Engineer: 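Take a look at the following structure, please.
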Amino acid sequence: MTNSARINRPRRSCFMKNKEIASAFNEIADILELQGKNPFRVSAYRRGAQSIENLSRDIAAVADEGALGDIPGIGKDLRAKIEEYLETGAIAFLAELRGETPRVLLDMLRIPGVGPKTAVLLYEGLGIESIDDLKKAAVEHRIQGLPKIKAKTEENILKGVEFLERAQGRTPIGHAYPLAGEIVASLGRLREVKMISVAGSLRRWRETVGDIDILVTSTAPEKVIRRFTSLGIVQRVLAEGKTKGSIVASGDIQVDLRVVEEKSYGAALNYFTGSKEHNIRLREIAIQKGMKLNEYGVFKKGARGTERRIAGSTEGSVYKALGLPLIPPEIREDAGEIEAARRGDLPALVTRDDIRGDLHFHSDWSDGTAGLEEVAHAGKAFGYRYILISDHSQSLKIAHGLSPGRLLEQIEEIDRVNERTRGFRLLKGSEVDILPDGTLDMDEDILRRLDIVIVAVHSNFKMKRDEMTRRVVRACESPYAHILAHPTGRLIGTRDAYGIDMEAVITAAARTGTAIEINAHPLRLDLDAATARAAAGAGVMISIGTDTHKPAAEMENIVYGIGTARRGWLTPGNILNTRPPAKLLSYFHKKTG
DNA sequence: GCCGTTTTCGGCCCGACTGTTTTCAGTCG
């Protein structure tokens, strides 16, 4: 591992310019902080970056409308820098800052436990030029002896470097969610534990998490924390206090446990769920109302500095004290939810109970493991009304894609299975490849016989952005293309989205009545939440599909798709598979005829 | 650097834990 080690920031939307500008502002904030500049100026850049990341629209479009100033946290200076970036592709101020800042200082900020002060101290005190240098200095015990640094700090820096080398960034939710479930189950069995919940970004269903946060109430906090730090999954104990324990679990995931009193449970759950930006807004509202909000409760300030608790045992009580309805965790990002709550206009987010079927599923006719009959049984047992069988088409040889003849045979077999099944229906479909020229890999007279046709790109990822966009738009224009699956092709932590103009694709989907998928596989989550919100806002219907290949292991992945939909503010009305079978199929009648 | 239903200046969220101190700075969330 070299000094290029980075904590990957999660990909939050497909609007590349938004990401680039947010990242530039974060880097400016880091450098100003290293230079010891006004901390409020630093957080102004961070806040601006956050606002831009949360934007559900392409920032270039916002700029065209002259509406940059309407983005919270964007004033005169930041607006000018955004415009400069959109025009020239760079920000001169950032280039200047980079010129006067050694790269290694920014690299060191990624090490857990090393902040700006320590980074500068290490650089100036030891002439550290790279993370490798730093590691060597730690091994040779040259770090201890610097002001305020002794053996323990040196050891922690070394461990931080090693952690960074192994962990390489954030953990996909598909790994973190099951692990958190295990920990909650073991701690939940303790007599001393009263209430327990996952908090943090995991509770908000972010696609990757930096750590796992767990909150409990207990009569014997220290005992619970000792139990936590001695769980079988513990690799290393980072902290063990009276109210907080912190470990690194196997798989290099950090897990934090907080113990609070019951009267503070709601306030603590709110506080540790975040997001930080959402919490800051809540605290500002508290201050405006002459109150104080912290992880222990909401307090009314009285005469001579007295404070009286007015809420805190439940999250609902905390929001109510601030004059707000309970805001669902998934949308607590300071991305408009507080304003919506004030207007009484929060969306009624889709829930698991709303989902009536799975709209992306493979059988052993292509690369799945289960036969059609088995899929039907699994679907019925899962409580679904339908599952769309969507095996690959012939050009995807590696997945045993179906030839036209085989697909016709499968259609007949599905009819036979459906005749034998009550209260459940297999829908006839296909996941048809979008060929490089945008045509579909299946004859129209066969597509006509299917209930629902999924179209997707599985090859030739490295086309130019405008060619890829034309390819996918052309596919949407086919009257037989009903659902566009995993539209950006990204694999979280593995493969970036291919170059594609999602704003143009969304426009085309809206125009042609094509639905777009949220692929619920936890390493895809494609569409992501921000783009799904933009698509639904443009009038595009969203389908949630698990892309299941092994029913027992993967059908449950629907929860990640629902979490992503909720993060994207989607209601049951936005989502195709909340519909009963007849209404689902009739949706596409106006497109296909 | 942003922001304003007390403000265009003077604020800007708040607390736990660690490691180093002997009352606190740095980091984190």
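Residue numbers start from 1 in every chain, and the chains themselves are labelled A, B, ... in the order their sequence lines are given, proteins ahead of strands. Just so it is clear, the structure is predicted and the values come from calculations on it, not from any experiment. These numbers come from the heavy atoms of this one structure, side chains and all, not from hydrogens, waters or symmetry mates.
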Engineer: With sequence neighbours excluded, what pairs up with A/Pro39 under the side-chain contact (heavy atoms from CB on, under 4.5 Å) test?
Structural biologist: none
Engineer: Should B/dT20 be called syn or anti, with syn set as within 90° of 0?
Structural biologist: anti
Engineer: Write down the distance between OH (A/Tyr296) and C1' (B/dG15), rounded to a whole number of angstrom.
Structural biologist: 7 Å
Engineer: Tell me the interatomic distance from A/Ile280, atom CD1, to B/dG11, atom C1', rounded to whole angstroms.
Structural biologist: 15 Å
Engineer: Between B/dT8 and B/dC13, how far apart are the C1' atoms? Round to whole Å, please.
Structural biologist: 24 Å
Engineer: Tell me which pairs pass salt bridge (charged side-chain N to carboxylate O under 4.0 Å, His left out) where either residue lies in residues 149-161 of chain A, with sequence neighbours left out.
Structural biologist: A/Glu155-A/Lys159
Engineer: Out of B/dC14, B/dC17, B/dG19, which has the shortest distance to the side chain of A/Thr243?
Structural biologist: B/dC17
Engineer: For a quick test of your reading: what N or O donor-acceptor pairs under 3.5 Å do the side chains of residues 255-267 of chain A make, sequence neighbours left out?
Structural biologist:
residue	atom	partner	partner atom	Å
A/Asp256	OD1	A/Ser246	OG	2.5
A/Asp256	OD1	A/Gln254	NE2	3.1
A/Ser264	OG	A/Tyr296	O	2.9

Engineer: Can a donor-acceptor pair be found, under 3.5 Å and without considering hydrogens, that links the side chain of A/Arg332 to the backbone of A/Ile327?
Structural biologist: yes
Engineer: Scan residues 92-145 of chain A for pairs that pass ring pair (Phe, Tyr, Trp, His ring centres under 6.0 Å), counting only residues two or more places apart or in two chains.
Structural biologist: none
Engineer: Side-chain N or O of A/Asn279 less than 4.0 angstrom from OP1 or OP2 on B/dC13?
Structural biologist: no
Engineer: If I pick the P atom on B/dC2 and the same atom on B/dT6, what distance separates them, to the nearest angstrom?
Structural biologist: 23 Å
Engineer: Would you be so kind as to tabulate the donor-acceptor pairs closer than 3.5 Å made by side chains of residues 280-288 of chain A, with sequence neighbours excluded?
Structural biologist:
residue	atom	partner	partner atom	Å
A/Arg281	NH1	A/Asp334	OD1	2.8
A/Arg281	NH1	A/Glu339	OE2	3.1
A/Arg281	NH2	A/Glu339	OE2	3.1

Engineer: Pairs under 3.5 angstrom only: tabulate donor-acceptor contacts from the side chains of residues 67-87 of chain A to other protein residues two or more places apart or in another chain.
Structural biologist:
residue	atom	partner	partner atom	Å
A/Lys81	NZ	A/Tyr45	OH	3.3
A/Glu84	OE2	A/Ala92	N	2.8
A/Tyr85	OH	A/Glu20	OE1	2.7

Engineer: For residues 186-199 of chain A, run the donor-acceptor check on the side chains, cut-off 3.5 Å, and write out each pair with its distance to 0.1 Å, sequence neighbours left out.
Structural biologist:
residue	atom	partner	partner atom	Å
A/Ser186	OG	A/Glu182	O	2.8
A/Glu192	OE2	A/Lys223	NZ	2.7

Engineer: Tell me the interatomic distance from A/Phe299, atom CZ, to B/dG15, atom P, rounded to whole angstroms.
Structural biologist: 9 Å
Engineer: The criterion is side-chain contact (heavy atoms from CB on, under 4.5 Å); which residues satisfy it with A/Ile310, sequence neighbours excluded?
Structural biologist: A/Met291, A/Val298, A/Lys300, A/Arg308, A/Ala321
Engineer: Among residues 136-147 of chain A, which residues get a heavy atom nearer than 4.0 Å to DNA chain B?
Structural biologist: none
Engineer: Going by the ring pair (Phe, Tyr, Trp, His ring centres under 6.0 Å) test, which pairs reach into residues 177-203 of chain A, not counting sequence neighbours?
Structural biologist: A/Tyr177-A/Trp205, A/Tyr177-A/Tyr560
Engineer: What is the per-nucleotide protein-contact pattern of nucleotides 1-10 of chain B, from the 5' end, where B denotes a base atom under 4.0 Å from a protein heavy atom, S denotes such proximity for sugar-phosphate atoms only, and - denotes neither?
Structural biologist: BSS-------
Engineer: Rounding to an integer number of angstrom, what distance separates B/dG26 and B/dT20 when you compare their C1' atoms?
Structural biologist: 10 Å
Engineer: Could you tell me how far B/dT21 sits from B/dT27 if I compare only their P atoms? Round to whole Å.
Structural biologist: 16 Å
Engineer: Across all strands, who's sitting opposite B/dT8 as a Watson-Crick or G-U wobble pair, both distances under 3.5 Å?
Structural biologist: none
Engineer: Among A/Glu333, A/Glu330, A/Glu207, whose salt bridge (charged side-chain N to carboxylate O under 4.0 Å, His left out) with A/Arg567 holds?
Structural biologist: A/Glu333
Engineer: Calculate the interatomic distance between A/Glu277 atom CD and B/dC13 atom P; express it in whole Å.
Structural biologist: 12 Å
Engineer: Say we look at B/dG19 and B/dC9: how far apart would their C1' atoms be, to the nearest angstrom?
Structural biologist: 39 Å
Engineer: I'd like to know whether CZ of A/Arg57 has more than 12 heavy-atom contacts from other residues, nucleotides or ligands below 6.0 angstrom.
Structural biologist: yes
Engineer: Would you please confirm or rule out a distance under 4.0 Å between OP1 or OP2 of B/dT18 and any side-chain N or O of A/Asn156?
Structural biologist: no
Engineer: Using atom C1' in both nucleotides, what's the gap between B/dG10 and B/dA16 to the nearest angstrom?
Structural biologist: 29 Å
Engineer: Any side-chain N or O of A/Thr153 under 4.0 Å from OP1/OP2 of B/dT20?
Structural biologist: yes
Engineer: For nucleotides 21-29 of chain B, give me one character per nucleotide, 5' to 3': B if any protein heavy atom sits under 4.0 Å from the base, S if the only such contacts are to the sugar-phosphate, - if neither.
Structural biologist: S---SSSSB
